[in-house]
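Below is one structure, written out as structure tokens; the observations come after it.
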Protein chains: 2
Amino acid sequence: MHAESSPTSRELLELVFQVAGRLREGFTRTAAELDLPPTQAQALASLEGSARMRDLAEVLACDASNVTGIVDGLERRGLVTRQPDPADRRVKHLVLTEEGERRRAALLAESARSADEVFDLPERDRLALRDLLKSLVPADWHASCDPRQ
Amino acid sequence: MHAESSPTSRELLELVFQVAGRLREGFTRTAAELDLPPTQAQALASLEGSARMRDLAEVLACDASNVTGIVDGLERRGLVTRQPDPADRRVKHLVLTEEGERRRAALLAESARSADEVFDLPERDRLALRDLLKSLVPADWHASCDPRQ
DNA sequence: TATTGTTATACTCTATAACTATA
DNA sequence: TATAGTTATAGAGTATAACAATA
């Protein structure tokens, strides 16, 4: 037998899913600790300054019809408000409340801490990992949400 | 400015999710081409020889109550049969039909081809990637299904 | 008592389609 | 006509709880 055989794509796939699973669990746990369902947490994390509903749908890579419910949840929790656009009355801008800003900061800080636990590597390895992963996704790639896609 | 700064855990997290997303899309597309919903495809891929319903729940990392429906689907498609265990009449063994074996072989072949497209790297890099990813998951880690964790 | 598989039920996240109000 | 957001609805995929049959 030889020392190291080239890993199969299936082995690499399983490892990627395991790492992604650990990261997802960490994020979901962090969100739950802040009383946020995962999708609301993802939306909150992405909100900076003022965004239109439409932009949020783009960022979340999901259909616009879902955004209504997600934002309803954030509004019910007092984290975000819908502000009319003075120039185009169809458009609504999402603006974080003070509590929304606090919650978002806590979410970002804690989820970063959680990801740090997973990526507990020396700088040399972090660089190598980043370069390898970068080479696996086209520059313009972005996920679609529909799991059936 | 310096040449390379250490990537943040957030950057690495996003890259892992992008790669996982590409892989998931590839698998889902392959499954759809073979007329299989993703979960049935995942179950079919894992079936080799004879497995109990219970084992399948373990492999899929989901509650046993879900397995009934998944196996119902595979049975409806004529890919698997439930065989009683002669020694323990509570237990049912899942046995692939001939068509089930064919479909599974096609699924494995095509999903491997699809993953190869993502992991299009020289052997040196595949080895490096495997070692890095391996260091990120505890040996005994395995995903939980509930997205609420 | 404990375990295997099933059923009933509910929740989350996604989609499509039809609608409104604007542009 | 086209776009922003909403509503209604449906379909996956998950869970928990209660159950029957069996160990």
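Numbers restart at 1 for each chain; the letters A, B, ... are given by sequence-line order, proteins then strands.
Regarding B:D72, its CG atom lies at a distance of 11 Å from the C1' atom of C:dT7, rounded to whole Å. For the pair A:L94 CG and D:dG5 P, the interatomic distance rounds to 8 Å; values are reported in whole Å. What separates CG of B:L60 from P of D:dA12 is a distance of 17 Å, to the nearest Å.
Among the heavy atoms of the strands, none lies under 4.0 Å from A:A57.
For the OP1/OP2 pair of D:dA4 and a distance below 4.0 Å, the side-chain nitrogens and oxygens of A:R82 include no atom meeting the criterion. Close to D:dG13, at under 4.0 Å from its OP1 or OP2, lies a side-chain N or O of B:T39.
No hydrogens or angles considered: a donor-acceptor pair under 3.5 Å links the side chains of A:S9 and B:R126.
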Scan nucleotides 20-22 of chain C against the protein and return all N/O pairs shorter than 3.5 Å with their distances rounded to 0.1 Å.
none

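Applying the salt bridge (Lys or Arg N to Asp or Glu O under 4.0 Å) test to residues at least two apart or on different chains, the pairs with a partner in residues 37-52 of chain B are B:E48-B:R104, B:R52-B:D55.
Contact of the B:D35 side chain with the B:R103 side chain is registered, since non-hydrogen atoms from C-beta on lie closer than 4.5 Å. In this structure, B:F119 and B:D125 have side chains that are not in contact, with every pair of non-hydrogen atoms separated by 4.5 Å or more. Side-chain contact check for B:L94 versus B:L56: some heavy-atom pair is nearer than 4.5 Å.
Scanning atom types as modelled, no donor and acceptor separated by under 3.5 angstrom connect the side chain of B:T68 and the base of C:dT7.
Annotation: of the two residues near DNA chain D, A:H93 and B:Q40, the 5′-most nearest-nucleotide partner is A:H93.
Between B:A45 and B:L108, the shortest heavy-atom distance links the atoms CB-CD2, 4.0 Å.
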